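When reading the values below, keep in mind they use all heavy atoms of this one structure, side chains included, and skip hydrogens, waters and symmetry mates. Just so it is clear, the model here is predicted, and its values are computed rather than measured.
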Amino acid sequence: MSKQKVVNIAVIAHVDAGKSTLVDAFLNQSGVFRENEEVVECVMDSDDIERERGITIYSKNCSVMHGDTKINIVDTPGHADFSSEVERIMKTVDTVILLVDSSEGPMPQTRFVLKKSLEQGLNPILLINKIDKKDSRIEEVVDEVYELFMDLEANDKQLDFPILYGIARQGIVVYDPKDVEGITIETGGSKIRKSAVGQNGLDITPLFDTIIKHVQPYPDYDDEPLQFQVSTLGYDDYIGRLGIGRITKGRVKAGQTVAVAKADGSIVQRKINQVFVYRGMKRTAVDEAVCGDIVVVSGISDISIGETICDEANPQPMEMIKIEEPTLSMNFIVNKSPFAGKVGKFVTSRHIKERLEKELEVNVGLVVEPTDSTDVFKVSGRGELHLSILIENMRREGYELAVSKPEVIFRRDENGKKLEPLEEVVVSVPDEYSGSVISKLNLRKGIMRQMSGENGYSRIEFLVPTRGLLGYRSEFINDTRGEGTMVRRFECFGEYKGDIPQRTNGVAIAQEEGVCTGYALFNIQERVQMFVEPGTKVYEGMIVGMNSRGDDMVVNPCKAKKATNMRAAGSDDAIKLSPARVFTLEEALEFINDDELVEVVPDDIRLRKKLLHELERRRSGR
């Protein structure tokens, strides 16, 4: 029996370029689903938070058959905060499909993911997606991609990449944009009807054919000693920890005894229980898997990312996977507010410590360090979103905790100079708002690199310290009336840029524990933008609103109206309250100052002062 040909590909791109939608088309058109099967959009985004936010957070695997070749597909995240997911899987694939939006062109994250794939020596395939957009500029975007490849010092073979054009949500890929000119994209009413199965005789066959032609199937090293590096971890409630990766050499059998080369250089003996391969979306148990395939193994309870599973008699460890350093840190603190422990199931420092240790096994971009206090853990990650997704997951699992304002991680160079992380920021805003955006980013020590205008929109590129971007997103949305887009990516560590102004408004702090009344809030709201509504329970030291001035103000939101037996016409008309501002977790983390905390419990997010009593705050202020 001849060996099955295996090709591994990763789909990489910036956020919202259509990666998960393209994977839908792969699965639909290769017969993975039954004809009567109900299929959701972005079927690979299976996590609850991924579904809610419409983003990919974890890289995931599936496989399709094309002719006699098995194609393993890895869907990757596009957000810079989850780039550690992309860095790991580059070693397991033979090529990447680089998706670029036909109107946006290459974005900051496109550069990052492409750089990682070129460093691994992969030869990418370029797919210009969304060519049915009214403002598409296909030829210019192709030129921009060529420039990007040259900037990243691609070799001649990498520069000779095949170019395809597509409309991923309709499941169409063509060799020439003219092929889709006569097609009207089906719309059901006002909403465009997605159909990943293609239409008018067009589908993604050109992409399949290009992959087969462009990529050599994995060479046959089946008879060599086993080498299998774990690039991702999984967990199954029934069989425990799972190691996922590509077999570089040799074969893996169920029940086989192997040597595991650990991160510290030691080699230990372990036994593999079961071996799974991907067929479509499903893991299928097999007796034996051959080299080149992406497999899942169970039975090694202490396996970790980057470790190599080797032949017992002849261990040959592979180089560990390098992950870039974190840039932001925040303190996770045991919740000690007056309302602590009323809702959550897990509230002690032991619970939080165990949960963070469990997260470290799967989330390589994260670093957890102990502090002087047993109730505080310093957690570092790749960005606000990276850390807030972890907090959101913990909140949903029933944990209670308080978190401090995110802080930037500084470094020193060899001469002892202080360095801080700098980010590349690309904003696209209507022309009339560009002035306020530029002045705000200049105040935050940003340096403008480039500016261009088109169709009433300005596209501006900045280099800004990460410190300056903390808390800026909500201001940016207000300044651009919600019409601007801002994309950011960590670029490098640069020289310390000096002091950056923080939030200019003070806050209103509750004076006592109780329940807010409409009467009290009506009297406070003249000077304060409220964060609470009538009926909200508050405690002393909790933040109930934002002051219109720069100083903090203590207020009593629980004051009730004194009842008398006198009545005056009109004085008791229904009071009108402005709607309270509701924070998402990211907005709360951006809003707080150094002396404040965000209290996260399963059913609420509250803002509070670190020191709850007014007397304590005055003393520390002195």
Side-chain angles (χ1 to χ4, degrees), residues 14-17 52-55 78-81 101 103-105 107-109 130 133-137 190-192 383-385 388 423-464 466-489 500-507 525-533 545-550 576-592 605 607:
H14 183 73
V15 183
D16 278 346
E52 281 167 31
R53 301 187 182 213
I55 58 173
H79 273 277
D81 288 28
D101 187 299
S103 70
E104 285 179 351
M107 297 291 274
Q109 190 61 12
K130 307 189 185 183
K133 271 190 169 180
K134 287 191 177 65
D135 57 349
S136 68
R137 38 185 199 98
S190 61
K191 193 170 186 290
I192 291 177
E384 281 167 285
L385 194 61
S388 71
E423 299 197 20
E424 178 187 1
V425 179
V426 176
V427 294
S428 172
V429 293
D431 291 342
E432 66 261 35
Y433 306 133
S434 59
S436 66
V437 171
I438 291 168
S439 68
K440 288 268 173 81
L441 285 173
N442 283 343
L443 278 175
R444 292 163 177 270
K445 303 283 193 271
I447 298 165
M448 193 199 295
R449 288 173 155 185
Q450 211 175 335
M451 182 170 177
S452 57
E454 201 176 332
N455 304 335
Y457 269 76
S458 302
R459 180 188 157 111
I460 317 163
E461 289 182 28
F462 278 93
L463 188 67
V464 192
T466 304
R467 275 184 311 139
L469 291 169
L470 294 177
Y472 177 59
R473 187 174 290 279
S474 43
E475 239 180 88
F476 173 78
I477 291 168
N478 289 339
D479 290 346
T480 61
R481 309 291 182 273
E483 290 183 55
T485 57
M486 175 168 79
V487 191
R488 39 191 278 203
R489 173 190 79 90
I500 292 175
Q502 294 292 314
R503 186 185 78 210
T504 49
N505 294 60
V507 288
Q525 72 175 11
E526 290 171 19
R527 291 178 293 167
V528 173
Q529 181 190 12
M530 300 309 300
F531 302 161
V532 291
E533 291 171 333
M546 182 167 73
N547 193 358
S548 54
R549 301 208 177 133
K576 289 188 175 66
L577 292 176
S578 309
R581 178 175 171 186
V582 180
F583 285 94
T584 64
L585 185 57
E586 280 93 12
E587 286 165 356
L589 292 172
E590 284 188 344
F591 179 81
I592 57 172
I605 292 167
L607 307 181

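Judged by distance alone, the side chain of E384 and the main-chain N or O of E590 form no donor-acceptor pair under 3.5 Å. A donor-acceptor pair under 3.5 Å is formed between the side chain of S548 and the backbone N or O of R527. With hydrogens and angles disregarded, no donor-acceptor distance shorter than 3.5 Å links the side chain of Q450 to the backbone of R459. For the pair R137 (side chain) and S103 (backbone), a donor-acceptor distance under 3.5 Å is present. When atom types are taken as modelled, the side chain of N547 and the backbone of N505 share no donor-acceptor pair closer than 3.5 angstrom.
Closest approach of L607 and A588 over heavy atoms only: CD2-CB, 3.7 Å. Of all heavy-atom pairs between D431 and Y457, the closest is OD1-C, 3.2 Å. Across all non-hydrogen atoms, the minimal contact from I460 to M448 is CG2-CG, 3.7 Å. Taking all atoms of both residues into account, the shortest heavy-atom contact from K440 to Y472 is CB-CE1, 3.9 Å. Across every non-hydrogen atom of Y433 and T480, the tightest pair is CE1-O, 3.4 Å.
Taking 4.5 Å as the limit, some side-chain heavy atom of E424 sits within range of a side-chain heavy atom of R449.
Around the CZ atom of R581, the shell of radius 6.0 Å holds more than 12 heavy atoms that belong to other residues, nucleotides or ligands.
One finds the CD1 atom of I438 at 12.5 Å from the CG atom of L443 (value rounded to the nearest 0.5 Å).
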